[in-house]
Amino acid sequence: MKEIQERVMMAIERLWEEEVFFLQTLGRFPSTLGNEGAIQAYVADYFSNVLKLEVDKFVPEPKTLSEHPAYVPVEWSYTGRPVVVGTARTKGKSVGKSLILQSHVDVVSPEPMQEWDYHPWKATIVGDRMYGRGIQDMKAGMAAMIFAYRGIQEAGIRLGADVIFQSVIEEECTGNGALAALERGHIADGALIPEPFGLKAVTAQVGVIWLRIKVKGIGAHTERADQAVNPIEKAYVLLKALEQYEKHINQQPKHPAFVHHPHPLNVNIGTLHSGDWPSSVPSECTLEVRIGFYPQIDPAKIQKEVKAWIMEACYQDEWLSHTKPELAFFGFKAKGAEINKDEPLLQTLAKVHEHVHGTKLNTTSITAKTDIRTFLLEYGIPATCYGPVGEGMHGTNEWVDLKSVKDVTKTYAAFILEWCGVRS
Ligand SMILES: [Zn+2]
């Protein structure tokens, strides 16, 4: 095995420039929500022509998926936005365990673009860093998992079990892409997702819900502003209430996986829209909120709790007590998740990480969510995230450390050899 590993590591070194170029190519697709079609076409083509995988490219069907409790209803269409699955099928009886390597291609908006030092869609390299929207989260991880396999192929190794590559959409808003691939039957004995948490394995993550609040007012010209009701001012009442809610949930006893985290649960006001003219009182104000909560809690329970909290605040305000805001839960309704530290998947990862890096593998509980919840909770597939080092995801000047991308590539290759086994 040692000799095989050496050969694969050397192949990864030889392919490094190509890997960097591949990552730049991925980074130049502006694959925000609704715009994943082009990158998925490129990935499907790469899976089929370069990796020689069996490719299944399909558009998620809300009708069939909605029968699954983890499906989240959406306000948009899936037309032209496929999920791509590529399978490296082993020949003969499996001698190891099958593996899913999953990545999402959707990225969040790069706005405000003018705040970036490097164009978000140009994948600029400066020293050891590559800059761009989605480079860290998580196109670098995708390049790493693909080139781990390229290294194995290049070294002429035949694997003992199937490796399934899943290139999904909507990790950033629903998780329906991950669900669609698994519901379609593309399952395995374990899954790794190279989300960029700095060469650490994720052992717990929070749950997340989204909420939209529409506050009504009475619009008017400002000369009659005394008779109008400004919904922006009324939204302020609710912003204060949400701030108190965040304080309240963080004052409760912490979940054991998050005891060392100073502030595990975030309530984020992500958007606020109202008005279109300085001299008009707007008639409506809409805000969108993201709320985190601990594993083992039903998202529906949090939705109820948040709704009651907001309504309580409304009763304290004369206008809001009779003109109640409209509350709509949309997007994420994601449970928190944990993976048992004794899980063989984690032990194998710890072993290969130590082998490649010479240091112990650290684990982390994250205050965000990833697609691992769908594997762990809905399909009982052991799963974790392990990916490169970087900064600025969902912010400006997002970058990845290229050295860490090479490290992740090597760790994934060693993991695949160990987990899937090798045919002699
Ligand atoms: Zn991500």
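All ligand and atom numbering here is 1-based and tracks the order in the structure.
Between Y149 and F165, the distance from one ring center to the other falls under 6.0 angstrom.
The residues E326 and K216 are annotated as salt-bridged, a charged nitrogen and a carboxylate oxygen being separated by less than 4.0 angstrom.
R212 is not listed as a side-chain neighbour of L287, based on a closest heavy-atom distance of 4.5 Å or more. By the 4.5 Å heavy-atom criterion applied to side chains, C385 and P194 are not counted as neighbours.
Ordered by chain and number, H104 NE2, D137 OD1, E195 OE1, E195 OE2 make up the set of protein N, O or S atoms under 2.8 Å of the Zn ion (ligand 1).
Taking the side-chain hydrogen bond (donor to acceptor under 3.5 Å, both in side chains) definition, one finds that H261 meets it with nothing, sequence neighbours left out.
Considering OH of Y379 and CG of L179, their distance stands at 4.5 Å, rounded to 0.5 Å.
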